[in-house]
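Written out below as structure tokens is the structure these notes cover.
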Amino acid sequence: MAEIVGAYFTSHVPSIGGAIHKGLQQDPYWKPFFDGYARVHEWLAEVKPDVAIVFNNDHGLNFFLDKMPTFAVGAAPEYHNADEGWGLPLYKSFAGHVPLSWHIIEQLVADEFDITTCQKMLVDHALSIPFELAWPDVDAWPVKIVPFAINTVQHPLPSAKRCLALGQAVHRALQSWQGDERIVIIGTGGLSHQLDGERAGFMNRDYDLFCLDHLATDPAALTKDSVHEIVRLAGTQGVEILNWIAARGALGEQAAEIHRNYHLPISNTAGATVLLEPA
Ligand code: DHB
Ligand code: FE
């Protein structure tokens with residue numbers, strides 16, 4: 001039977017890609033952030049996942065403001081990286097796990113989630129940067145992926161409660177999967193940040209620490225606020241915490257934190273890295 005080995009959460013700021021490209025991991029600005037990944041590398045080498053279920057958000061590459069699915073699920077054999085405008089290098093393509101994608105999609109629809117199915121999907125920095133951070137210097141990614149794109153961009157956004165429920169439904173789907181894969185759940189984005197408008201540069205350490213303190217043991221606490229309240233607390237792009245909440249749901253009921261790093265600012269964002277294991 002397939003095993004969920006744990007969950008890896010990380011910010012996905014595009015300039016991390018630039019820092020990796022320039023080898024700035026030991027630079028005083030970047031070091032406190034990159035130091036948080038040594039434990040991630042160690043952990044991934046221990047738990048050896050071969051599939052990743054990735055909850056992230058599209059930044060205008062697949063879906064623009066004119067057509068925006070609330071929840072989109074990839075069912076492609078291959079996902080190519082593309083740059084939606086940050087000038088990042090193009091990263092290796094990602095192999096999809098097509099049968100597992102369809103199993104999850106079928107179970108979600110049976111569970112009354114009205115998702116968008118994508119047999120073609122590009123992936124942007126929200127997926128490539130977390131992978132570059134987790135598996136630096138590999139020739140090919142060691143995991144196949146099933147990517148979820150959650151709308152964190154064009155209002156109305158799904159509620160935090162709905163995102164947690166989506167993740168929990170994905171967890172049930174994984175429990176009825178007959179394969180013997182070792183599955184890692186990945187949630188990307190956040191934490192607090194706002195890139196535009198009057199509050200550009202806004203971050204909120206108190207709210208971030210509230211989210212980090214409750215993620216493992218009481219994720220429902222993160223669903224008490226409306227999406228508009230989360231925008232107020234975390235910033236317009238800080239709502240990417242919805243990806244983390246969905247990923248937390250997919251991990252399963254009981255979880256324990258085994259690693260956390262929090263450092264701000266990274267570009268305009270409070271950078272965070274977390275590892276959870278099923279408890
Ligand atoms: C930044 C953060 C993001 O999550 C993103 O998608 C783009 C930019 C930033 O802090 O620069
Ligand atoms: Fe983002």
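Just follow the structure's listing: the first ligand is 1, and inside any ligand the first atom is 1. As a basis for the values below, the full set of heavy atoms in this structure was taken, side chains included, without hydrogen atoms, waters or symmetry mates.
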**Report entry** Exercise: do Trp177 and Gln107 side chains pair donor with acceptor under 3.5 Å
**Finding:** no

Report task. Tell me yes or no: between the side chains of Ser267 and His193, is some donor less than 3.5 Å from an acceptor? Result ->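 Absent: no donor and acceptor within the cut-off.
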
Report task. Only one of Thr269, Asn268, Asp208 passes side chain to side chain donor-acceptor pair (under 3.5 Å) with Ser192; say which it is. Result -> Asp208

At less than 4.0 angstrom from any non-hydrogen atom of [X], what atoms of ligand 1 do you find?
| X | result |
| --- | --- |
| Ser267 | 9 (C), 10 (O), 11 (O) |
| His125 | 5 (C), 6 (O), 7 (C) |
| Thr269 | 1 (C), 2 (C), 9 (C), 10 (O) |
| Trp86 | 7 (C), 8 (C) |

Query raised in the report: When rounded to the nearest 0.5 angstrom, what distance separates CD in Glu240 from NE2 in His12?
Result: 3.5 Å

Query raised in the report: Quick one: CD1 on Ile150 to SG on Cys163, what's the gap to the nearest 0.5 Å?
Result: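 Between atom CD1 of Ile150 and atom SG of Cys163 there are 4.5 Å.
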
Query - Metal proximity, His59 vs the Fe ion (ligand 2), N/O/S cut-off 2.8 Å - result: yes

Query raised in the report: Is His12 close enough that one of its N/O/S atoms sits under 2.8 Å from the Fe ion (ligand 2)?
Result: yes

Query raised in the report: Counting distance only, does the side-chain N/O of Asn261 pair as donor-acceptor with the main-chain N or O of Thr273 below 3.5 Å?
Result: no

Requested in this report: Report yes or no: does a heavy atom of Gly189 sit under 4.0 Å from some atom of ligand 1?
Outcome: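 Under 4.0 Å: no for Gly189.
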
Query raised in the report: Glu240 near ligand 1, heavy-atom distance under 4.0 Å?
Result: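 For ligand 1, residue contact (heavy atoms, under 4.0 Å) with Glu240 is present.
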
Query raised in the report: Where do Ser11 and Ala272 come nearest, in terms of heavy atoms and distance?
Result: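 Nearest pair, atom of Ser11 first, then Ala272: OG-N, 2.9 Å.
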
Query raised in the report: Is the number of heavy atoms from other residues, nucleotides or ligands within 6.0 Å of CG (Asp218) greater than 12?
Result: yes

Requested in this report: Heavy-atom distances under 4.0 Å are what count here, so tell me which part of His59 touches ligand 1: side chain, backbone, both or neither.
Outcome: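 The part of His59 near ligand 1 is the side chain, not the backbone.
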
Report summary line: shortest atom 7 (C) of ligand 1-to-protein heavy-atom contact is with Pro14 CD, 3.2 Å

Query raised in the report: What is the nearest protein non-hydrogen atom to atom 3 (C) of ligand 1, stated with its residue, atom name and distance?
Result: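 Its nearest protein heavy-atom neighbour is His193 NE2, 3.3 Å.
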
Query raised in the report: Taking just the N, O or S atoms of Glu240, which one is nearest to the Fe ion (ligand 2)?
Result: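 For Glu240, the N, O or S atom at the smallest distance from the Fe ion (ligand 2) is OE2.
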
